Q: 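Here you go, one structure.
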Amino acid sequence: SKAPKPDLRNYKRLQKLIDGKYKTIFTIGEDVESHEGLLGEVETALFTKDDRILVLDSNRSQIKIYDLEGNLIKNFGRPGRGPGEFMIPEAMALSSNNKLIVINRGNRINIYDYQNGSIEFENTILVKYVPEDLCTLNDKFIVRGVEQPNQELNANILHEYSAKTG
């Protein structure tokens, strides 16, 4: 028989298939009194080496930092185009040398230094394509972007950067 599908309506839950049923094993974003921990549109979530969970929320233009129990430690970022600001962030990744890379609509890639729950702005790369997704490989990152987003034939191209220098 087929396994049941996970509950995708509540993206704040991490569910695991146990004995043929999905069971919630982890929940984040439940701080309803202050609204600081509430989540909008989750684009990416990742675990760090220092036992934190980074969640990229495109609706709030923030990175939310949680501990492993799901408690909000702090929010980072706000809407805008300056250092520490995001214009509808699309994806993020963490390189092996602790560079946090965030791609934004508006043809921008932001690079931050991530150390023990702290995020510090380093650089912005302006690109001539629309970045849509990324991944890291050691101290490099690869961005998938669309070269001609308004044409009938969109060309998806991979761009490679150094997480050390951009």
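Residue indices begin at 1 and follow the sequence shown. All figures in this text were calculated on a predicted structure; none of them were measured in a lab.
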Q: Measuring only between side-chain heavy atoms, which start at C-beta, is Ile119 closer than 4.5 Å to Ile63?
A: yes
Q: List the steps, then state whether side chain to side chain contact (heavy atoms under 4.5 Å, CB included) holds for Ile111 with Ile125.
A: CA-CA 8 Å; Ile111 302 174; Ile125 301 170; 3.8 Å; yes
Q: Same cluster or not: are Val102 and Met87 linked, directly or through other Ile, Leu, Val, Met, Phe, Trp or Tyr residues, by side-chain heavy atoms under 4.5 angstrom apart?
A: no
Q: With a 4.5 Å heavy-atom cut-off, do Asn110 and Phe86 have their side chains touching?
A: yes
Q: For His159 and Gly145, which heavy atoms make the closest approach, and how far apart are they?
A: CD2-N, 4.4 Å
Q: Are any of the side-chain heavy atoms of Leu54 and Tyr114 separated by less than 4.5 Å?
A: yes
Q: Any chance you could measure Lys140, atom NZ, to Glu160, atom CD, to the nearest 0.5 Å?
A: 4.5 Å
Q: Identify whether Ile88 and Val130 are in the same connected component of the hydrophobic contact network (ILVMFWY, side-chain heavy atoms under 4.5 Å).
A: no
Q: Any chance you could measure Asn98, atom CG, to Thr48, atom OG1, to the nearest 0.5 Å?
A: 8.5 Å
Q: At their closest point, which heavy atom of Glu90 faces which heavy atom of Leu56, and how far apart are they?
A: C-CD2, 4.0 Å
Q: Roughly how far, to the nearest 0.5 Å, is the CG atom of Asp133 from the CE atom of Met92?
A: 12.0 Å
Q: Taking all heavy atoms of Lys64 and all of Leu72, pick out the closest pair and write down the distance.
A: CB-CD1, 4.1 Å
Q: To the nearest 0.5 Å, tell me how far Leu134 CG sits from Ile101 CD1.
A: 6.5 Å
Q: Counting C-beta onward and ignoring hydrogens, is there a side-chain heavy-atom pair between Arg78 and Gln62 closer than 4.5 Å?
A: no
Q: Please round to the nearest 0.5 Å and tell me the distance separating atom CG of Asp50 and atom CG of Leu68.
A: 9.0 Å
Q: Could you go through Glu132 and Val146, starting from their C-alpha distance and side-chain angles, then the distance that decides it, and tell me whether this counts as side chain to side chain contact (heavy atoms under 4.5 Å, CB included)?
A: CA-CA 7 Å; Glu132 292 188 338; Val146 178; 3.3 Å; yes
Q: With no hydrogens and no angle check, do the side chains of Tyr112 and Asn123 hold a donor and an acceptor under 3.5 Å apart?
A: no
Q: For a 4.5 angstrom cut-off between non-hydrogen side-chain atoms, does Leu46 reach Thr44?
A: yes
Q: Should Asn138 and Thr136 be marked as a side chain to side chain contact (heavy atoms under 4.5 Å, CB included) after you check the CA-CA gap, both sets of side-chain angles, and the distance that decides it?
A: CA-CA 6 Å; Asn138 299 319; Thr136 60; over 6 Å; no
Q: Consider only side-chain N and O atoms of Ser95 and Asn97, and report whether a donor and an acceptor are under 3.5 Å apart.
A: yes
Q: Kindly compute the distance separating OG (Ser162) from CZ (Phe141), expressed to the nearest 0.5 Å.
A: 8.0 Å
Q: Distance alone, cut at 3.5 Å: any donor-acceptor contact between the side chains of Ser58 and Glu41?
A: no
Q: Can you tell if the side chain of Ile103 reaches within under 4.5 Å of the side chain of Arg108, non-hydrogen atoms only?
A: no
Q: Set out, in order, the CA-CA distance, both residues' side-chain angles and the distance that settles salt bridge (charged side-chain N to carboxylate O under 4.0 Å, His left out) for Lys99 and Asp113, then state yes or no.
A: CA-CA 5 Å; Lys99 300 304 176 196; Asp113 185 51; 3.1 Å; yes
Q: Side chains of Asp139 and Ser96 only: does a donor on one sit below 3.5 Å from an acceptor on the other?
A: no
Q: Indicate yes or no: at least one non-hydrogen side-chain atom of Asn75 is less than 4.5 angstrom from one of Ile65.
A: no
Q: Quick one, Val143 and Tyr129 - any side-chain contact, counting heavy atoms below 4.5 Å?
A: yes
Q: Could you go through Ile73 and Tyr66, starting from their C-alpha distance and side-chain angles, then the distance that decides it, and tell me whether this counts as side chain to side chain contact (heavy atoms under 4.5 Å, CB included)?
A: CA-CA 5 Å; Ile73 297 171; Tyr66 295 91; 5.8 Å; no
